[in-house]
Structure formats: C-alpha cells, structure tokens
Amino acid sequence: MPSSSSLDRHHPRHGRRVAAVGVALADCGRVDEATPYALHAQAARRALADSGLDRSVIDGLASAGLGTLAPVEVAEYLGLRPRWTDSTSVGGATWEVMAAHAADAIAAGHADAVLLVYGSTARADVRARRRTGNLSFGARGPLQYEVPYGHSLIAKYAMAARRHMHEYGTTLDQLAEVAVQARANAALNPEAMYRDPLTVDDVLGGPMIADPFTKLHCCVRSDGGCAVLLAAEEYVPDTAKAPVWILGTGEYASHAAMSQWEDFTRSPAAVSGELAFKRAGVTPADIELAEIYDAFTYMTLVTLEDLGFCAKGEGGPYFTDKDRRLPVNTDGGGLSACHPGMRGLFLLVEAVRQLRGEAPGLQVRRPDGSLPELAVASGTGGWFCSSGTVVLGRG
C-alpha cells in the first residue's frame with residue numbers, strides 16, 4: 001500500500017473548520033413496527049434537536065443503502081432539498097468516507113450543514129421474511145471467480161483471521177477476548193441490544209460459523225438508525241452543545257477480489273489511519289479512545305494494529321492487556337450493542353458522545369476525571385476492501 005505522502009490531498013483544515021454539532025440514535029435493537037424511512041426520520045429529528053439549530057440550515061445530505069435513488073428518496077422523505085449530496089457506498093466504511101467528503105465540501109463552501117443519516121430494519125426484515133440473510137454480495141464482476149467456491153462474506157474474514165494466527169501466533173482466546181470486552185462495555189450501556197456477561201469459554205463454545213469464528217465472534221443483527229449533523233464553524237455559536245471538531249480524515253480502497261489482497265494481515269486502515277492522523281496533526285499516542293468497526297472480532301484486533309496503537313502482530317496481546325489497551329468500542333460495538341448493516345455512522349455518534357461526556361454507558365475519563373480530548377472512528381467496508389478514518393477533537 002502506498003504511504004500517506006503519496007495520497008495526500010486538500011483537507012478541511014485548509015478551509016473553514018467543520019464540527020459535529022448534533023448526533024442521535026433512532027430506536028435500535030428490536031424494532032418490528034418501523035420502516036427504514038421512519039428510522040431515518042427519527043434519527044434526523046433527534047440529531048437536529050440535539051444541535052439546537054433550525055432545519056433550514058441543512059443544505060447537504062449524505063445517505064446510502066436505501067431506495068433506488070439514495071439519497072434523493074431520503075431527502076424527499078425528510079422534506080429536504082439539498083444542494084450537496086453524497087451516496088458513496090463502500091460498506092461499513094461508508095459513513096467515515098462520507099464524513100470526509102462532507103467536511104471537505106463544507107470547508108470549501110460547497111455546503112454549510114450536512115446531515116449524515118442512516119436507518120435499517122435488517123433484523124425485522126429477516127424475521128418477517130421480507131428478505132433472507134445474505135451470504136455474499138453477488139456473483140458479478142470480479143466476485144464471479146470466488147462465488148462458485150462457496151466463499152461467503154464471513155468466510156473471507158475468517159480466512160484473514162486464520163492467516164494472522166498463522167503469521168503471528170494470535171490465539172483463539174485472544175480473538176474471543178475481543179467479544180468479551182465488547183460485551184462488558186455493552187453491559188454498561190442501556191441502549192445495547194445484548195448486555196449479559198460473556199466469558200471466553202462462552203465464545204469458544206458457540207456454534208461454528210466459519211472457522212475460526214463461532215457465533216459470538218460475529219456481530220449481532222439488529223434494527224436501528226442514527227444521524228450526525230456536520231456544520232461550518234460560523235454555526236457553532238448558535239448550537240446547543242459544545243462542538244466536536246473534525247480534525248483529520250483519510251480513506252482508502254484496497255481490493256475487491258481476495259486474490260488481489262496482497263497481505264491478509266494488513267487492512268486498508270493502515271493507509272486511511274495514517275492519512276487521518278497526519279492531516280489532524282496528531283499521532284496514535286495522542287488518541288484517548290477508539291471506535292472501530294467490528295463485524296467480526298478479528299476486525300477490531302487488526303485495525304488496532306493498522307492504526308498504529310500497537311505493532312503488527314501484537315494485536316492479541318495488546319487487546320488482552322487491560323492496563324495498556326486504549327478504550328475501544330465503548331458502547332459495546334457491533335458485537336453487542338447494535339449492527340443494523342452499515343454501522344460506521346454509529347462509530348461517529350459514540351465518539352462525539354464520549355468527547356462531550358454524554359455516553360449513556362461507559363464514559364471514558366482521564367485519570368484526573370476530565371473528559372478526553374481526542375478520539376478516532378475507523379470504519380471498514382466489504383471484506384477489508386475499504387476504510388475510512390476520522391479524527392475528532394474537542395479543542
């Protein structure tokens with residue numbers, strides 16, 4: 001993968017400053033009576049109320065995953081007529097990439113306030129047999145060379161995890177500990193879908209899904225939605241709460257076919273993270289909490305490595321070292337809190353809540369009791385095909 005120096009480009013720090021001024025969740029977990037559009041609207045209303053701004057300031061909309069003409073259909077449903085839109089769809093990394101695009105647009109004056117909004121009834125749809133649980137993304141394009149061999153989405157992540165175990169001695173217990181710690185965080189979060197405690201033995205003893213992943217190595221399937229309102233700095237004096245600034249962003253696309261992925265133990269976060277930290281003017285050592293996409297336990301472990309919080313191959317020992325480890329997925333993550341589909345926007349919501357001191361469950365604090373200043377949210381899409389990383393700060 002190329003270094004950040006060869007990929008750098010214009011960044012919001014070169015124009016108007018951009019802040020997250022409103023964040024909110026829609027109803028999450030088991031939501032049998034709402035439509036995805038209704039969850040979009042609920043999240044949008046709550047985020048706007050959280051910001052204290054009038055809806056008339058919104059002139060940009062970013063949305064993906066719903067309708068034939070997303071985000072046009074969502075904008076119409078919400079009664080918005082945006083002059084800037086984004087429908088980027090790169091899986092779980094979508095929302096960090098969209099946040100980067102929106103921040104660039106606001107910094108350049110192409111928009112003033114952009115609403116990022118998501119809603120999904122993935123769980124309810126399967127339960128009501130409106131859809132089935134998909135095992136792959138289709139069989140066209142480069143995927144046609146993999147699908148005949150039964151290589152499902154989960155199997156791709158599992159194969160990458162096995163390679164990391166082979167290369168670096170990462171153990172099943174270490175991977176299981178990722179799920180255990182996610183559940184421990186979720187236990188403190190009243191909004192989390194699953195809160196009962198887990199042990200390593202519980203994870204290891206579950207039904208096998210794709211070796212080495214048992215059921216509890218995999219994310220939950222839930223309903224839910226959320227929204228983030230980004231705005232230019234001149235709106236901040238009128239907001240209801242202190243801003244959380246977008247300090248740096250990075251995005252990167254690595255591969256589509258597994259045969260084109262050069263190293264299964266290195267995710268695209270290695271590039272997107274380097275870009276985001278460089279553009280923010282910080283280092284991984286400055287970060288005080290991390291919200292990381294965790295559709296599977298291996299994703300958390302390898303992303304911590306690739307963001308630079310520990311050396312390559314040390315993710316297993318790092319994650320199990322409670323005295324050394326950074327607070328990660330403080331709401332319980334996709335492994336326990338919620339996972340309605342493209343979960344990346346939830347990472348941004350939780351990061352903002354943490355920096356504001358508004359986390360509903362585990363609230364990260366410094367040893368002196370003060371709030372953290374810097375957080376990172378890093379989303380992953382496909383099967384480590386893409387990554388978006390956002391550095392956020394209170395200062």
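Below, all heavy atoms of this structure are taken into account, side chains as well, without hydrogens, waters or symmetry copies.
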### Verdict with reasoning, Arg353 to Gln363, per side-chain hydrogen bond (donor to acceptor under 3.5 Å, both in side chains)
CA-CA 9 Å; Arg353 284 175 156 187; Gln363 175 61 59; over 6 Å; no
### Message
Just verifying a value: how many Å separate Cys218 SG and Ile154 CD1, rounded to the nearest 0.5 Å?
### Response
5.0 Å
### Message
If we ignore hydrogens and angles and just use 3.5 Å, is the side chain of Thr121 paired with the main-chain N or O of Ala124 as donor and acceptor?
### Response
no
### Inter- and intrachain pairs under salt bridge (Lys or Arg N to Asp or Glu O under 4.0 Å), touching residues 371-395, at least two apart
Glu373-Arg394
### Task
Could you tell me the separation between the OH atom of Tyr145 and the OG atom of Ser259, rounded to the nearest 0.5 Å?
10.0 Å
### Task
Spell out, yes or no, whether Val97 and Val228 are grouped together once hydrophobic residues are joined by side-chain heavy atoms under 4.5 Å, including indirect joins.
no
### Query
Given Arg123 and Ser222, is the side-chain hydrogen bond (donor to acceptor under 3.5 Å, both in side chains) satisfied, shown in steps?
CA-CA 5 Å; Arg123 172 204 154 272; Ser222 76; over 6 Å; no
### Query
Any idea which heavy atoms bring Pro372 and Leu355 closest together, and the distance?
O-CD2, 3.5 Å
### Task
Quick one: closest heavy-atom pair of Gly382 and Leu153, and the distance?
O-CD1, 3.9 Å
### Task
Could you tell me which residues satisfy salt bridge (charged side-chain N to carboxylate O under 4.0 Å, His left out) with Asp50, sequence neighbours excluded, listed by chain and number?
Lys241, Arg356
### Query
Backbone N or O of Pro340 within a donor-acceptor pair of the Ser120 side chain at under 3.5 Å?
yes
### Ser387 versus Glu251, side-chain donor and acceptor atoms under 3.5 Å
no
### Query
Less than 4.0 Å between a side-chain N and a carboxylate O, is that true for Arg30 and Asp223?
no
### Task
State whether the side chain of Asp321 and the backbone N or O of Tyr318 hold a donor-acceptor pair below 3.5 Å, judged by distance alone.
no
### Short side-chain to backbone donor-acceptor contact, Arg46 and Leu25, under 3.5 Å
yes
### Query
Given Thr330 and Glu350, is the side-chain hydrogen bond (donor to acceptor under 3.5 Å, both in side chains) satisfied, shown in steps?
CA-CA 8 Å; Thr330 47; Glu350 178 65 12; 2.7 Å; yes
### Query
Is there a donor-acceptor pair closer than 3.5 Å between any side-chain N or O of Gln174 and the backbone N or O of Thr171?
yes
### Task
Can you sort out the partners of Ala227 under side chain to side chain contact (heavy atoms under 4.5 Å, CB included), two or more places apart, ordered by chain and number?
Ala43, Ala47, Leu115, Val117
### Message
For a 4.5 angstrom cut-off between non-hydrogen side-chain atoms, does Leu198 reach Val203?
### Response
yes
#### Entry: Test item: Gln42 side-chain N/O and Asp27 main-chain N/O as donor-acceptor pair under 3.5 Å
yes
### Task
Indicate if Val282 and Leu326 have the same hydrophobic cluster label, given that clusters are the connected sets of ILVMFWY residues with side-chain heavy-atom separations under 4.5 angstrom.
yes
#### Entry: Members besides Met208 in its Ile/Leu/Val/Met/Phe/Trp/Tyr cluster (side-chain heavy atoms under 4.5 Å)
none
### Task
Determine whether Val114 and Leu229 make a side-chain contact, defined as any pair of heavy atoms from C-beta on separated by less than 4.5 Å.
no
### Message
If you take the centroid of each ring, where Trp contributes its six-membered ring, are Phe213 and Tyr157 closer together than 6.0 Å?
### Response
no
### Task
Answer with yes or no whether the hydrophobic clustering places Phe264 together with Trp383; edges join I, L, V, M, F, W, Y residues whose side-chain heavy atoms lie under 4.5 Å apart.
yes
### Summary
On a heavy-atom basis, the closest approach of Pro243 and Val236 is CG-CG1, 3.6 Å
### Task
Flag the pair Tyr118 / Ser63 as yes when at least one side-chain heavy-atom distance between them is below 4.5 Å, and no otherwise.
no
### Query
Do Glu167 and Arg163 meet the salt-bridge criterion of a basic N to acidic O distance under 4.0 Å?
yes
### Query
Quick one: do Val391 and Val21 end up in the same hydrophobic cluster if we chain Ile, Leu, Val, Met, Phe, Trp and Tyr together by side-chain heavy atoms under 4.5 Å apart?
yes
### Query
Is there a side-chain contact between Asp59 and Trp84, using heavy atoms and a 4.5 Å cut-off?
no
Considering only distance and modelled atom types, tabulate donor-acceptor pairs under 3.5 Å from the side chains of residues 67-82, sequence neighbours left out.
residue, atom, partner, partner atom, Å
Glu73, OE1, Tyr37, OH, 2.7
Glu73, OE2, Thr68, N, 2.9
Glu73, OE2, Leu69, N, 3.3

### Task
Name all residues meeting the ring-ring contact (aromatic ring centres under 6.0 Å, His included) criterion together with His339; count only those two or more places apart in sequence or in a different chain, and write none if there are none.
Tyr293
### Task
Give the C-alpha distance, both sets of side-chain angles, the deciding distance and a yes or no for ring pair (Phe, Tyr, Trp, His ring centres under 6.0 Å) between Tyr298 and His164.
CA-CA 9 Å; Tyr298 175 60; His164 198 280; 5.4 Å; yes
### Message
Can you confirm whether Leu175 sits close enough to Asp173 that some side-chain heavy atom of one is under 4.5 Å from a side-chain heavy atom of the other?
### Response
no
### Query
Between Glu177 and Lys322, is there a side-chain N and carboxylate O pair less than 4.0 Å apart?
yes
### Query
Counting N and O atoms only, with roles assigned by atom type, does the side chain of Arg16 sit under 3.5 Å from a partner on the main chain of Ile106, one being a donor and the other an acceptor?
yes
### Task
Please answer whether the main-chain N or O of Tyr168 pairs with a side-chain N or O of Lys312 as donor and acceptor at a distance below 3.5 Å.
no
### Message
Can you classify the ring geometry of Phe277 versus Phe309 as parallel (below 30°), tilted (30 to 60°) or perpendicular (above 60°)?
### Response
perpendicular
#### Entry: Spacing of Ser51 atom OG and Asp238 atom CG [to the nearest 0.5 Å]
10.0 Å
### Task
Working to the nearest 0.5 Å, report the span between OG of Ser378 and CG of Leu307.
4.5 Å
### Query
Got more than 12 heavy atoms from elsewhere within 6.0 Å of CD, Glu234?
yes
### Task
Grab the two heavy atoms, one from Ser89 and one from Met342, that are nearest each other, plus how far apart they are.
OG-SD, 4.3 Å
### Query
Is Arg266 salt-bridged to Glu305, going by a charged N under 4.0 Å from an acidic O?
no
### Query
If only atom types and distance count, is the side chain of Asp306 paired as donor or acceptor with the main-chain N or O of Ala269 below 3.5 Å?
no
### Task
Apply the test side-chain contact (heavy atoms from CB on, under 4.5 Å) to residues Leu204 and Thr214: give CA-CA distance (whole Å), side-chain angles for both, the deciding distance (0.1 Å), then the verdict.
CA-CA 7 Å; Leu204 299 181; Thr214 59; 5.9 Å; no
### Query
Is there a side-chain hydrogen bond (donor to acceptor under 3.5 Å, both in side chains) between Asp201 and Thr199 once you walk through the steps?
CA-CA 5 Å; Asp201 287 342; Thr199 67; 5.1 Å; no
### Query
Arg127 versus Asp32: any side-chain heavy-atom pair under 4.5 Å?
yes
#### Entry: Leu392 and Val376, any side-chain heavy atoms less than 4.5 Å apart
no
### Query
Any side-chain heavy-atom pair from Trp95 and Phe346 closer than 4.5 angstrom?
no
### Query
What are the two closest heavy atoms between Glu96 and Gly379, and how far apart are they?
OE1-CA, 3.5 Å
#### Entry: Verdict with supporting geometry, Phe319 and Arg325, side-chain contact (heavy atoms from CB on, under 4.5 Å)
CA-CA 6 Å; Phe319 200 90; Arg325 188 182 72 243; 3.7 Å; yes
### Query
Looking at Ala187 and Arg195, what are the two nearest heavy atoms and their distance?
O-NH2, 2.9 Å
### Task
Could you tell me whether a side-chain N or O of Asp112 sits under 3.5 Å from a main-chain N or O of Ile58, the two making a donor and an acceptor?
no
### Query
Is any side-chain N of the basic residue among Arg279 and Asp104 closer than 4.0 Å to the acidic one's carboxylate O?
no
